[in-house]
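One structure is given here, and the rest of the page talks about it.
FYI, side chains are in, hydrogens and waters are out, and symmetry mates aren't considered; it's all heavy atoms of this structure. Convention: sequence-line order gives letters A, B, ...; per-chain numbering from 1. Treat the numbers as computed from the prediction; the structure is a model and nothing was measured.
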Amino acid sequence: MASSQTHSLHTKEAVIDLFDHFREELDEQNDRRERLIKSSRDITNLSKRCIFLLHRVATEDTKEDLETRALRAAKQGWGKLRDIQRIFASMKCELEGDLYWRHQKSVSPGLQEYIEALSFAHYLEHETLISYQAVQQTLCDEAGTPYFPLTISDYLLGLSDLTGELMRYAISAISRKGGRAKASDICAFVRHCKADFEGMCPRVRGLSKKQSVTNQSLQKIEDAAYTIAVRSSEYDLPSDILDDIVARSISG
Amino acid sequence: MASSQTHSLHTKEAVIDLFDHFREELDEQNDRRERLIKSSRDITNLSKRCIFLLHRVATEDTKEDLETRALRAAKQGWGKLRDIQRIFASMKCELEGDLYWRHQKSVSPGLQEYIEALSFAHYLEHETLISYQAVQQTLCDEAGTPYFPLTISDYLLGLSDLTGELMRYAISAISRKGGRAKASDICAFVRHCKADFEGMCPRVRGLSKKQSVTNQSLQKIEDAAYTIAVRSSEYDLPSDILDDIVARSISG
Amino acid sequence: MDPQDLEFINDSLDRDVELREKIKEEVGELDRKTRSMVGLLNKIHSTPQDKIPPLVDSVRPGLQDLQTTTTAIYELIPPDQFWRWKEMWSNSMRNAVFCATLMEYLTSGTLMSLASASAALGIREEWKNRFTLPAEDYLHGLITLVNELSRLAVNAVTLGNYEEPIRISKFVKDLFAGFSMLNLKNDTLRRRFDSLKYDIKKIEEVVYDVSLRKLAHPA
Amino acid sequence: MDPQDLEFINDSLDRDVELREKIKEEVGELDRKTRSMVGLLNKIHSTPQDKIPPLVDSVRPGLQDLQTTTTAIYELIPPDQFWRWKEMWSNSMRNAVFCATLMEYLTSGTLMSLASASAALGIREEWKNRFTLPAEDYLHGLITLVNELSRLAVNAVTLGNYEEPIRISKFVKDLFAGFSMLNLKNDTLRRRFDSLKYDIKKIEEVVYDVSLRKLAHPA
Amino acid sequence: MDPQDLEFINDSLDRDVELREKIKEEVGELDRKTRSMVGLLNKIHSTPQDKIPPLVDSVRPGLQDLQTTTTAIYELIPPDQFWRWKEMWSNSMRNAVFCATLMEYLTSGTLMSLASASAALGIREEWKNRFTLPAEDYLHGLITLVNELSRLAVNAVTLGNYEEPIRISKFVKDLFAGFSMLNLKNDTLRRRFDSLKYDIKKIEEVVYDVSLRKLAHPA
Amino acid sequence: MDPQDLEFINDSLDRDVELREKIKEEVGELDRKTRSMVGLLNKIHSTPQDKIPPLVDSVRPGLQDLQTTTTAIYELIPPDQFWRWKEMWSNSMRNAVFCATLMEYLTSGTLMSLASASAALGIREEWKNRFTLPAEDYLHGLITLVNELSRLAVNAVTLGNYEEPIRISKFVKDLFAGFSMLNLKNDTLRRRFDSLKYDIKKIEEVVYDVSLRKLAHPA
Amino acid sequence: MDPQDLEFINDSLDRDVELREKIKEEVGELDRKTRSMVGLLNKIHSTPQDKIPPLVDSVRPGLQDLQTTTTAIYELIPPDQFWRWKEMWSNSMRNAVFCATLMEYLTSGTLMSLASASAALGIREEWKNRFTLPAEDYLHGLITLVNELSRLAVNAVTLGNYEEPIRISKFVKDLFAGFSMLNLKNDTLRRRFDSLKYDIKKIEEVVYDVSLRKLAHPA
Amino acid sequence: MDPQDLEFINDSLDRDVELREKIKEEVGELDRKTRSMVGLLNKIHSTPQDKIPPLVDSVRPGLQDLQTTTTAIYELIPPDQFWRWKEMWSNSMRNAVFCATLMEYLTSGTLMSLASASAALGIREEWKNRFTLPAEDYLHGLITLVNELSRLAVNAVTLGNYEEPIRISKFVKDLFAGFSMLNLKNDTLRRRFDSLKYDIKKIEEVVYDVSLRKLAHPA
Ligand SMILES: [Mn+2]
Ligand SMILES: [Mn+2]
């Protein structure tokens, strides 16, 4: 084999030997690609469910205030996210060294969905944008070695999807007590995200398409905030008191 | 639960109970769908490899005649096809009763690729088109119970792809001894397939697109048969003798 | 192809085509019937509260009449092939669910369960695998219901009925809590569920207006 | 976003953009060099057999000169990022493989292995993960080689060289047997492999013409 | 090709090309005229109620002037080829129907019938087969009318006219009920009709706002 | 909406729906018949020259049988609505034209004129305005004919008939010259016509092969 | 090929490639600058009315700084080749027009003319043929302005500024009336212009909300 | 909008529309003329060698007649707007270049230079900035020429002219070598140039067939 690889090939057998080697390599890469695509699909599904869980718990109709519920949602979310991280851990050996870049396209979809879920949980807990380093840290083994290098592009594209979930959260929360303040916080937050991502658009493929979705989400939140502002403008009472009156009139 | 299902729901808890049940059902269907898609991908991959194996063995450069090689190819192919049949067997419980039609779209791609491989092996062995019943029989347990009902549509769409493989086989075989006769058999065979499928086009979605591919394949075989006819027309000897002269002049 | 095989295949394809034609006809019927019920129920937006019960009663025969058509479809569908054909009537059945659940809400103020809705549309338990009401279609019907109720909340106030928005608000919030339990794919149901949030917001606004103006006097 | 994070991200993106620019420049260079070799080698179709060795010799410096550029690219690529950037030069490298393997065929009549081709293009074993020659690109180069040889078979006869088609025929058949070993996806390589069958057919026709006219006198 | 046949075919192709050019020109004219009417009628959104009649009067000559162009088109169309060319002016005619029916609503508060609309656009009964107003185009015009009226409901309130929304609401609901009885295919018309419910909802919300604040009292 | 107007519109919409259904059925029939003729004619590619006349004869009844269906469609179409519905059967009629003109070529070696083709498909002069064969559809049929003849040139040689390609070449060149004189718009017809040059090239190459080998002698 | 001709052609192709690269670089710069202005101006949606002037002032240097880049592009363009290259920067220039006209609106409440916009972007009268601002790009910028103002109307109310929507409404209606008088082709510009009606509707609804609640009084 | 600005913009939009219409008309003329020349030149494929000169002569007046139309276009184009409108006639001009260069090849066997081609089409040096022949269009015309010559090589043999393919082969190889030295972008031109190798291969195969049968002797 060694000789057939480093010299010209004089016999048919030598040619066949060489191609036999290629076949093994191509089959191996193809099998690996299939395994990674399957894992990526699993991650996508789990991440989507995690996002639903976060919404569910964060907008539950309990007596608690929004913050308490958000924290409980985040806590439950972390449990789900750890399950996903275990799948990433199991993919480590398939993505070592130059294998990561070879198969990046197969891994990206699941990874971005995971980042969307992770950043949503992070937002519920901290009301901030999760940093690149923090995301990479969730994808490291105990010794702190990354399973694979996180690309800036996957990080940004995942975050970009977060704004859509925040919009949904804001709209659901808005008619609850304290929801207006929350909506207005989220409005400011999403506005900042949009501004921060704007300058990166020409350098990150696919980001500007997602920016236009972010823009739509932002306008939906703005419209919701507007409705509330207009509605309370007719009364001269602070919004807390208005809320109480409404609550009393309904709860009967 | 039972009561919440058959009456109107008076309490929030009853509503939640009902939806809890829906969640379980939706999650279960979604998980099943994912499992089926994964199996279908596996089947697609194995079928593609089986087709390559069939080509490889059938066009091997040995001293045997084309028929012997074709039979050996089919024999090896059956081994691979049995592996695929085992995957179908494992999907049986996911496709029982009305589950099959619920998830048909997830199963179809792999199934059609399998039929393509199966019918190619069948052609190599028998030089005929495999019948619907014969395909269904390969998808039954030992007692002869089908794993799931084979649709006419999957059967026809799978067969339609066969013509492309036959074209490749004809072109590869054509410059071998006996290859001209083979190419001309395949030409007639594909012409018949095309004619048989023609009338079914309006009733099978996607078939007429595949017919145009079949048509291209047919023209490629016709062109190849033409080249040979033109080439030997200059000489007054039977093609066997011509072949021998050429063989002698090269083998030196 | 062997001529016998060819005949077998052609026969099966013909049978499918014929079946599709027959189903199409019945679905046309189903569609006409539900459209007519939807048309009648549309009047709730301009009907004073005390005239609602007779209005609902006038629609009831239409609902019962659906059974003839659902039975006809059931009889056409081969065993286990429900999912093969259901796309053809999903839309009509969702509208039918909407009618049934709206009528139930207008009558009792409660949510009709999937089982009751099936029964109301004349679907029998023993038909399953040939004709049933899948959760997905029931849920679509419920979302249409919420769309309509948010409109009703507005129009009830215009008609001087200040209690209705509050009743609707409670009903819809429970339903929303139910929907929140589901893990949806990125499909129509998800998109419609998102839109449901806007209906709830609208209803809340009406409740707000009404309570702050002290027009409603809760018990 | 935290300003520090923002700066970090912007810096990384800038670095990637800059790197891409630099690679692009080198790839432009690589492209120019391979195009010029391809241009020179194109003359084989009108060159009598005995003038082929000097023609090949005249291209050799160009081949050696590739090393400067492959080294330059190697030095630009961060460790493990070969697959991230390789799309940028795949095409040029396939052409370079074509040149190297054609020169080998013209000189020794044999197939240059992947390892020899890598070496000929100045790629070092220890560069892997930063710059290497993947099997896929080598295989593409070989298919281009067969395309060219089928043309050469025709033109050699025109120039009165009746032995060449027979030599080409044997060489290409072995190569085809090798390609048949592979399980390909439905991608470019598969499509080009299919086209290779037509080249073989064409070569066979030439061999047929030549042998039947007894123009060739095999040893 | 037989020269006579060729000449015949060529003549017929040439005639079609020429005819298309001529029709195009007249349709351009039609388009300019309707655009200008639409532009004038757009002022209703900022015109106080008592200035509406003179505004409508100022548009009337434009409407009458359409007849010159519809006549010109009628004269171009060969007998029996109405359906061949009508796509070219459908859009303009729908806009013209919109203008005519809006003017009628603003004047008398009633719905202009298909026959009256035809007459208003200068189309004569005896032209049919060469130029007529198909039901479909009339209905498209009516949908555009509803779109505009929902906007008018909003702007009337801004201008202090609180009764207009109630009048519009009644008019649109009657129109909608009529539409609901039509057997529409699943085409653009059905899609546009389905979207009417948003306009109706908007109008209902305006009526709600106005009546909640006791600014006007729906009957 | 005015009830009379409503009824009028509804009737007209219903009539159109019903008519469309009926036409669809007949077009299905037309399609089945032409498909079956195309299927039979497809055998020319494997039929030796002397068996062609009986093959063509076996298709003739099918061609005559078309008349029943064209008559049925003619009877359905209201006076003057030919252009409204013709899209529904254009495709089938183009295939029918292809069959008729191919049969004529195989029988007499000449081009069937538009008038003869109309007659062959059972279309009567006096039907125009309700059912006719527009030049465009005739031309589409001719292009399909050329596509088929280029394939026939190839297969005739395979079957040992070396004169056929020369006959085809002459026929197609005449046809092409005729086409070139038409003033085609930039539409499907022009695009299909432009693609004819590939067919012509293919036929020329067959004639080249045959004449290079002195198998036949172009005039 | 004639060597002199070859050299001439090669030179001209090379010069174009080089020029394109240089323009691309400057357009990148232009893009970065306008993006940054757009980013800053985006803050108007969360800035209280009295902080708007300092915000606009903070953007002014950026606007003036554009001149360096427009001058650089001007200097690159060969005389008479403006129309050859303008597609490369149209988009950036439209954004720049948007910034300039938005700043003018925020400062003076008036519409900046085409000439003033050109001047504001540092374009000199005497550059024409090498660099100018075509009417089309100016109009595109204005449409973007209206899109932004409809959003501003909403957010101003949220910030408690009830007069802004009324000002915006007046400004946009004047602009729209002007646009309506233009003879636009059926291209992107017309499509974007047609979509303006949604912005206007939105602004009208804001004005409605504000005036219904007597929060402000449209003149 | 400022009325003066509005008028200015409107005038400029109107002028563009009008100009486009006028250019379109002339380009239609240009197109007709080149199509007719292409049609005549198409006869070379069935014309014996000795009848070629009179055939070319019969086309010459058509070529000279182009000047009227190129002059008309030149006069329409405002100074410096060549690049704005040239897309409208590029295609026709490429066909015209094809005709001129084919006629030159048929007459003298040589390649017509860019300058001579411009002159042959009636384009004057001093027109540049308003009407010129860019290198790109000249090159497109040459590629069409090679496409046609590969077809001619085949048909010449059919007509018994065994020397023509060898002449064509030499001409095309020189042209190809020239092209190979150009620095083409990755656009249509490069793609068409890359496809030339199929034409060359075809020509080589004809030369092979001819020389194998000793019908002609390549130098
Ligand atoms: Mn999401
Ligand atoms: Mn296949």
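Rounding to the nearest 0.5 Å places CG of Asp2(D) at 13.0 Å from CD1 of Ile130(A). Interatomic distance, CG of Leu18(A) versus CG of Asp174(D), reported as 12.0 Å (0.5 Å rounding). Rounding to the nearest 0.5 Å gives a distance of 10.5 Å between CZ of Phe176(D) and NZ of Lys12(A). Within the model, atoms CG of Leu156(A) and CD1 of Ile9(D) stand 5.0 Å from one another, a figure rounded to the nearest 0.5 Å. Within the model, atoms CE of Met181(D) and NE2 of His21(A) stand 12.5 Å from one another, a figure rounded to the nearest 0.5 Å. Taking CH2 of Trp83(D) as the start and NZ of Lys105(A) as the end, the distance is 10.5 Å to the nearest 0.5 Å.
Heavy-atom contacts from other residues, nucleotides or ligands closer than 6.0 Å to CD of Glu25(D) number 12 or fewer. In this structure, Arg20(D) places its CZ atom where only 12 or fewer heavy-atom neighbours from other residues, nucleotides or ligands lie under 6.0 Å away. Enclosure of atom NE2 in His126(A) by more than 12 non-hydrogen atoms of other residues, nucleotides or ligands within 6.0 angstrom is indicated. Counted within 6.0 Å of CD on Glu126(D), heavy atoms from surrounding residues, nucleotides or ligands total more than 12; the atom is thus considered enclosed. Counting non-hydrogen atoms of other residues, nucleotides and ligands closer than 6.0 Å to CD of Glu7(D) gives a total of 12 or fewer.
When all heavy atoms of Gly178(D) and Ile16(A) are compared, the closest pair comes out as N-CD1, 4.0 Å.
Within the 4.5 Å cutoff, the side chain of Tyr138(D) has heavy atoms near those of the Phe22(A) side chain. Inter-residue side-chain proximity for Glu96(A) and Asp80(D) is flagged as unmet; no heavy-atom pair is nearer than 4.5 Å. Counting heavy atoms from C-beta outward, Leu182(D) and Phe19(A) have side chains that approach closer than 4.5 Å. With a 4.5 Å cut-off on side-chain heavy atoms, Met1(D) and Phe197(A) count as touching. You'll find the side chain of Lys185(D) reaches within 4.5 Å of the side chain of Asn30(A), heavy atoms only.
Looking at His10(A), both its backbone and its side chain come within 4.5 Å of chain D, counting heavy atoms on both sides. Interface remark: Leu99(A) contributes no atoms to any contact with chain D (heavy atom separation under 4.5 Å). Interface remark: Glu104(D) contributes side-chain atoms only to the contact with chain A (heavy atom separation under 4.5 Å). If you measure heavy-atom distances from Phe179(D) to chain A, the contacts under 4.5 Å come from both the backbone and the side chain. For chain D, the nearby part of Tyr155(A) is the side chain; its heavy atoms alone come within less than 4.5 Å. Residue Asp14(D) touches chain A through both its backbone and its side chain, counting heavy-atom pairs closer than 4.5 Å. Residue contact with chain A, scored on non-hydrogen atoms closer than 4.5 Å, involves the side chain of Leu142(D) exclusively.
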Verdict with supporting geometry, Leu13(D) and Met200(A), side-chain contact (heavy atoms from CB on, under 4.5 Å) | CA-CA 8 Å; Leu13(D) 291 175; Met200(A) 301 166 187; 3.8 Å; yes
Test Phe82(D) against Arg102(A) for side-chain contact (heavy atoms from CB on, under 4.5 Å), laying out the working first.
-> CA-CA 8 Å; Phe82(D) 172 71; Arg102(A) 186 161 198 173; over 6 Å; no
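Salt-bridge annotation for Asp98(A) and Lys128(D): absent, with no side-chain N of the basic residue lying under 4.0 Å from a carboxylate O of the acidic one.
For chain D, the option among Gln133(A), Glu24(A), Glu13(A), His103(A) with the highest count of heavy-atom pairs below 4.5 Å is Gln133(A).
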